[in-house]
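All figures in this text were calculated on a predicted structure; none of them were measured in a lab. In what follows, every heavy atom counts, from backbone to side chain, and hydrogens, waters and symmetry copies are set aside.
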Amino acid sequence: MSWFVAAWSCLVMVVMLSSLRLRSSSSSSSSSSSSGHGAYGAGGGYGPTSYPIIGCLVAFYRNRRRLLDWYTEMLSASPSQTIVVDRLGARRTVVTANPANVEHILKSNFPNYPKGKPFTDVLGDLLGMGIFNVDGDLWHAQRKLVSHEFSARALRDLELTVLASESSDRLVPALAAAADFSGDLDMQDVLRRFAFDVICRVSLGVDPGCLDAAMPATRLAAAFDAAAGIIARRGAAPVAAVWKVKRALDAGSERRLREEVGVIHEAVMGLIRSRRKEREIVNGGEIGRRRSDLLSRMIECGYPDEAIRDMVISFIMAGRDTTSSALTWFFWLLTRHRHVERQVLDEITAVRRAAGRDGGEGEGLDLDDLRRMRVLHAALCETMRLYPPVAWDSKHAAADDKLPDGTAVRRGDRVTYFQYGMGRMEAIWGDDAEEFSLDRWLSIPNADGGGGGVPAAAAAFGGVSPFKYPVFQGGPRTCLGKEMAFVQMKFVAAAVLRRFELRPVDEARTPAFVPLMTAHMAGGLNVTVRRRRAQKEGRGPLTSS
């Protein structure tokens, strides 16, 4: 025990001396400011001031409650928009907001930047060997097979069918009830429930009914919520050894995680078994239809049960909160920019009218209708530029490397591209990087080929390179559900905006962006819902009643 006390005393002394050194140097050099940015770290890269043993622990501790803004400030001050963060208790981390570096990591030298064991360890208990948690040959094999399923027309048609049903039966009635009874609601919570219902129906072929007030909360939904929260805390832990010890001892949150994952695995495996029996009956000719959900399609393709389980859980985790996060910030931003809301509404009305669908209560929108909504697409892209559903993403270097900007990467380094910070870089977006503006998207030639010369990889975002805007990653790991995500977001936006006006309960509040596994709005988006009077042809804008 005496050696432990001595070692701890030495560490405390180093921290105190380093803190005094940082305090004294900050008065004579702007590169050692109290925010800890604008200096060259011990590893030779631009970043927070670092010291022997503790690295940048002092600056990190001071900025622990504002890490997103702190990293953004340092990246903006760095000549190459790249910093090196080296602190006690964590591996050396290269953080970049440089598009050339991002392209190198995600595409040019893709094999050298797998997710890596530190990442897969965090998610492994829940995602197992699913596509989002594996590298190398196993990932290549799954990617090839699953990309075929996501390109199938049957799955896209199923998504539209589910969206129409969930919207007309649950989402719209929930908002209408709030409008009719002058009640406030948390739009973030409503959107999360809606998204979970949709992703479960598309992935599993079951309806958890989370948005149905008449149905009790499902154990599966609660298990996903609890497991996601614990996994997020694992990823945010300053020292990974803490949660690993708790897991080994089956104690505290790690024991709870094991129990919740058990609930998820049991529910999904039960569905797989029942769907296999159903398939036998279908093949015997006793049932005249086949299901189109992802789980059923994977059974049809002959995947083993555990592979199906891990992959559908991965897609539920990827889709359950990402679209709801983006839509929450989208609706909030429209309350701050009513002229943009007006533009989006005009486009929705025009597209529905051109398609002859402006007379009914239902949406009646098909994929072509949604693809024509270029203003809405721009508004969603701009939302995710400023408030990306995933704030940052990390890989782990398999070998020494050098990034295009000259930053040295060592084997085992954590290499992070920082979507949140990239959306705020003036070097990327210009002097108005902090502003919400559709012009940066609408000024680009139309991605349908009307402007000519738009690269295929860039066309999905109105002509912007995915390495400048890596919200859906880029290169070989580009998100397979990208198109489905835009379909869902556009469908929901059209269903809500043409019927209701949302007004924040606290107009003066600027909500905090919380970057867990999927980012969310701290405190939710509490709004007052008002019905919108129907727009008559040629008689001016939609108004609230």
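- Judged by distance alone, the side chain of Arg424 and the main-chain N or O of Leu386 form a donor-acceptor pair under 3.5 Å.
- Checking side-chain atoms of Arg193 against main-chain N and O of Cys210 turns up a donor-acceptor pair under 3.5 Å.
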### Query
Going through the distances and angles, do Ile231 and Leu257 end up as a side-chain contact (heavy atoms from CB on, under 4.5 Å)?
CA-CA 8 Å; Ile231 291 290; Leu257 176 63; 3.9 Å; yes
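- Shown are Asp197, Leu171, Thr161; of these, the side chain to side chain contact (heavy atoms under 4.5 Å, CB included) with Glu166 is made only by Asp197.
- Here Tyr420 and Trp329 keep their ring centres 6.0 angstrom or further from each other.
- Closest of all the heavy-atom pairs between Val340 and Ala379 is CG1-CB, 4.4 Å.
- Aromatic rings from Phe491 and Phe486 are positioned such that their centres are separated by 6.0 Å or more.
- Checking Thr120 against Asn133 by side-chain atom types alone, no donor-acceptor pair falls below 3.5 Å.
- Note that the CG atom of Leu525 and the CG atom of Asp506 stand 11.0 Å from one another [nearest 0.5 Å].
- Summarising the geometry of Ile264 relative to Ala227, their closest heavy-atom pair is CD1-CB, 4.2 Å, with the distance given to 0.1 Å.
- A donor and an acceptor atom, one from each side chain of Ser296 and Arg275, are located under 3.5 Å apart.
- Atom CZ of Arg276 has more than 12 neighbouring heavy atoms from other residues, nucleotides or ligands inside a 6.0 Å radius.
- In this structure, Arg499 contributes its side chain and Ala495 its backbone to a donor-acceptor pair below 3.5 Å.
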### Task
Show your reasoning for whether salt bridge (charged side-chain N to carboxylate O under 4.0 Å, His left out) applies to Arg371 and Glu483.
CA-CA 10 Å; Arg371 287 172 181 145; Glu483 182 180 2; 2.5 Å; yes
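- Across all their heavy atoms, Leu295 and Leu204 have their closest contact at CD1-CD2, 3.8 Å.
- A ring-centre distance under 6.0 Å is found for Phe315 and Phe132.
- Using modelled atom types, one finds a donor on one side chain and an acceptor on the other under 3.5 Å when comparing Gln488 with Thr323.
- Between the side chain of Glu382 and the backbone N or O of Ser437, at least one donor-acceptor pair lies under 3.5 Å.
- Between Leu138 atom CG and Ile131 atom CD1 the span is 9.0 Å, to the nearest 0.5 Å.
- Side-chain contact between Asp225 and Arg192 is present, with heavy atoms from C-beta onward closer than 4.5 Å.
- Distance check: Met384 CE to Leu327 CG gives 9.0 Å after rounding to the nearest 0.5 Å.
- Atom CZ of Phe224 sits about 9.5 Å away from atom OG1 of Thr218, to the nearest 0.5 Å.
- By the 6.0 Å contact criterion, CD on Glu266 is open, its count of non-hydrogen atoms from other residues, nucleotides or ligands being 12 or less.
- In this structure, Asp180 pairs ionically with Arg531, as a charged nitrogen and a carboxylate oxygen lie closer than 4.0 Å.
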### Full working for side-chain contact (heavy atoms from CB on, under 4.5 Å) between Arg336 and Thr510
CA-CA 10 Å; Arg336 294 295 185 94; Thr510 299; 3.6 Å; yes
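- At distances below 3.5 Å, at least one donor-acceptor pair connects side-chain atoms of Asp135 with backbone N or O atoms of Lys115.
- The backbone N or O of His520 lies less than 3.5 Å from no partner atom in the side chain of Gln188, so there is not a single donor-acceptor pair.
- Separation of atoms CZ (Arg309) and CE (Met129) is listed at 11.0 Å; rounding is to 0.5 Å.
- Taking every heavy atom of both residues into account, Leu442 and Val375 meet most closely at CD2-CA, 4.2 Å.
- The shortest distance between side-chain heavy atoms of Leu333 and Tyr387 falls below 4.5 Å.
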### Task
Would you sort out whether Phe110 and Trp139 count as a ring pair (Phe, Tyr, Trp, His ring centres under 6.0 Å), showing the intermediate values?
CA-CA 13 Å; Phe110 172 76; Trp139 171 79; 5.4 Å; yes
### Query
For Gln343 and Arg338, what are the C-alpha separation, side-chain angles and deciding distance, and is it a side-chain contact (heavy atoms from CB on, under 4.5 Å)?
CA-CA 9 Å; Gln343 288 179 267; Arg338 293 294 185 186; over 6 Å; no
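- Of the possible donor and acceptor atoms, none in the side chain of Glu341 sits under 3.5 Å from a partner among the backbone N and O of Thr335.
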### Message
Evaluate Tyr469 against Trp441 for ring pair (Phe, Tyr, Trp, His ring centres under 6.0 Å), listing each step before the verdict.
### Response
CA-CA 12 Å; Tyr469 181 76; Trp441 305 93; 5.0 Å; yes
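- Residues Lys468 and Glu103 are not paired through a salt bridge, judged by the lack of any N-O separation under 4.0 Å between the basic side chain and the carboxylate.
- With hydrogens and angles ignored, the 3.5 Å screen pairs no side-chain donor or acceptor of Arg201 with any backbone N or O of Val206.
- Side-chain atoms of Thr322 come within 3.5 Å of backbone N or O of Ala318 as a donor-acceptor pair.
- Between Asp293 and Leu158 there is a side-chain heavy-atom pair separated by less than 4.5 Å.
- The one candidate from Val487, Leu367, Ile199 that meets the side chain to side chain contact (heavy atoms under 4.5 Å, CB included) condition with Glu159 is Val487.
- Counting heavy atoms of neighbouring residues, nucleotides and ligands inside a 6.0 Å radius, atom CZ of Arg509 exceeds 12 of them.
- The shortest side-chain heavy-atom distance between Ile230 and Glu254 falls under the 4.5 Å cut-off.
- Salt-bridge check for Arg372 with Asp368: failed, with every basic side-chain N at 4.0 Å or more from each acidic carboxylate O.
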### Query
Given the rule in the side-chain contact (heavy atoms from CB on, under 4.5 Å) test, do Leu68 and Phe418 qualify, once you have shown the distances and angles that lead to the verdict?
CA-CA 9 Å; Leu68 293 179; Phe418 186 36; 3.6 Å; yes
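- The shortest distance between side-chain heavy atoms of Phe194 and Arg170 does not fall below 4.5 Å.
- The pair Glu507-Arg503 does not meet the salt-bridge criterion, since no charged nitrogen lies less than 4.0 angstrom from a carboxylate oxygen.
- Of all non-hydrogen atoms in Ala326 and Thr383, the two that sit nearest each other are O-CG2, 3.5 Å.
- Among all heavy-atom pairs drawn from Ala97 and Ile428, the shortest one is O-CD1, 3.3 Å.
- Here the CG-CG distance, from Asp207 to Asp212, works out to 8.0 Å after rounding to the nearest 0.5 Å.
- Between Leu123 and Met517, the closest side-chain pair of non-hydrogen atoms falls below 4.5 Å.
- Two residues are said to be in side-chain contact when any heavy atoms from C-beta on lie closer than 4.5 Å; Phe500 and Arg532 fail this criterion.
- Checked by atom type and distance alone, the side chain of Arg385 pairs as donor or acceptor with a backbone atom of Gly423 at under 3.5 Å.
- Ile313 places a side-chain heavy atom less than 4.5 Å from the side chain of His265.
- Salt bridge annotation for Arg219-Glu260: present, with a cationic side-chain nitrogen under 4.0 angstrom from a carboxylate oxygen.
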